[in-house]
Amino acid sequence: RSFGLNMNATWELDIWGRLHRGKQAAKAEFKAAQNDYAYYQLSLAAQVAKSWAQVVSTQGQLNLALEISNNFQTTSERIRERFLHGLSPSLEYRFALNSSEGALALLQQRLEQKEVVVRLLQVLSGQYPDGDFKTHSVLPYPRARIPAGLPSELLQRRPDLVAAQWRLKAADHRLWAARKSLFPRLSLTGSAGTSSASMNDLLDSDFTVWNVAGNLTQPLFQGGRILAGIDFSKANVQRALADYHSSLLKAFNEVETGLQTDHWLQERHH
């Protein structure tokens, strides 16, 4: 009887740096995913803050609509009494009644708007949207104006721009790896084990057998598959570059729009 224990391994020598480029691309894609996650977190926080402000604002509008409705109803009742006593014409009473009904309709509209924004805030907060959510009744006083002359390099802190940069780097590494596919590959195969006529001798170093062999292979051009892969990688680089430009323009547009909106809100407030 013969007993044997074998282990085989195969690895490739990264002569041209193809595997290294692939590794760098994977790291860049991981960094992009991390910044995407950070961007989504910031986006969620911004949506929660915006929804909270809408809830407080809607509550203020609801209080105002309730006060207006009560005032119109009181006025309508007084004009009705005057009309019944012949002190006011019917047209005046009908105008007052129409205003009272319009104020009541506006009150119902404000109630509906509040329920919508409250449920949205509850969903963003991870709560069941039952419409029961207590918030402050007054918005905070606006802060001082944003100082002028802030450097545009502050945009580099935006996670979406950082993610776009990492995706561009990853696409570039993928392109280089695709180009290296044109070069030959040197792979090594190795095997090690033991062979013995006795089970007790399998782990004895005297019965160890091993061998290592090298294999140099030239890539096969299967109908232009490798060249097509290179063209595909080039297109991915161009797409990543266009996405980065788009993200950059979007960031500048949001900043400019935010600054302009802040300016006009300050003017309206004063």
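Values below: all heavy atoms of this structure, side chains included; hydrogens, waters and symmetry mates excluded.
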Original post:
Is NZ or CZ of Arg179 both nearer than 6.0 Å to the six-membered ring centre of Trp176 and within 45° of the ring axis?
Top reply: yes

Original post:
Can you name the nearest heavy-atom pair linking Arg18 to Ser181, along with the distance?
Top reply: CD-OG, 3.7 Å

Subject >> Glu112, CD: over 12 other non-hydrogen atoms inside 6.0 angstrom >> reply: no

Original post:
Taking all atoms of both residues into account, what is the closest heavy-atom pair of Ala32 and Arg167, and its distance?
Top reply: CB-CG, 3.7 Å

**OP:** To the nearest 0.5 Å, tell me how far Gln54 CD sits from Gln113 CD.
**Re:** 10.0 Å

Subject >> Neighbour count above 12 (heavy atom, 6.0 Å) for His263 NE2 >> reply: yes

Original post:
Is any side-chain N of the basic residue among Lys169 and Glu29 closer than 4.0 Å to the acidic one's carboxylate O?
Top reply: no

Original post:
Do Leu248 and Tyr39 belong together in a cluster built from hydrophobic side chains that touch within less than 4.5 Å?
Top reply: no

Original post:
Is there a path from Val56 to Leu62 through hydrophobic residues (I, L, V, M, F, W, Y) whose side chains come within less than 4.5 Å of each other?
Top reply: no

Original post:
CD of Glu67: more than 12 outside heavy atoms within 6.0 angstrom?
Top reply: no

Original post:
Shortest non-hydrogen contact from Ser51 to Leu124?
Top reply: OG-CD1, 3.3 Å

**OP:** Supply the atom-to-atom distance His173 NE2 to Trp166 CH2, rounded to the nearest 0.5 angstrom.
**Re:** 8.0 Å

Subject >> Shared hydrophobic cluster, Leu259 / Phe252 (ILVMFWY, side-chain heavy atoms < 4.5 Å) >> reply: yes

Subject >> Shared hydrophobic cluster for Val55 and Leu44 (ILVMFWY, side-chain gaps under 4.5 Å) >> reply: yes

Original post:
Does one hydrophobic cluster hold both Val48 and Leu120, with members joined at side-chain heavy-atom distances below 4.5 Å?
Top reply: yes

Subject >> Contacts of type side chain to side chain contact (heavy atoms under 4.5 Å, CB included), residue Asp132, not counting sequence neighbours >> reply: Asp130

Original post:
Roughly how far, to the nearest 0.5 Å, is CZ of Arg94 from CG of Leu91?
Top reply: 8.5 Å

Original post:
Between Phe72 and Ala103, which heavy-atom pair has the shortest distance, and what is it?
Top reply: CD1-CB, 3.7 Å

Subject >> Rounded distance [0.5 Å steps], CD1 in Ile79 versus OG in Ser100 >> reply: 10.0 Å

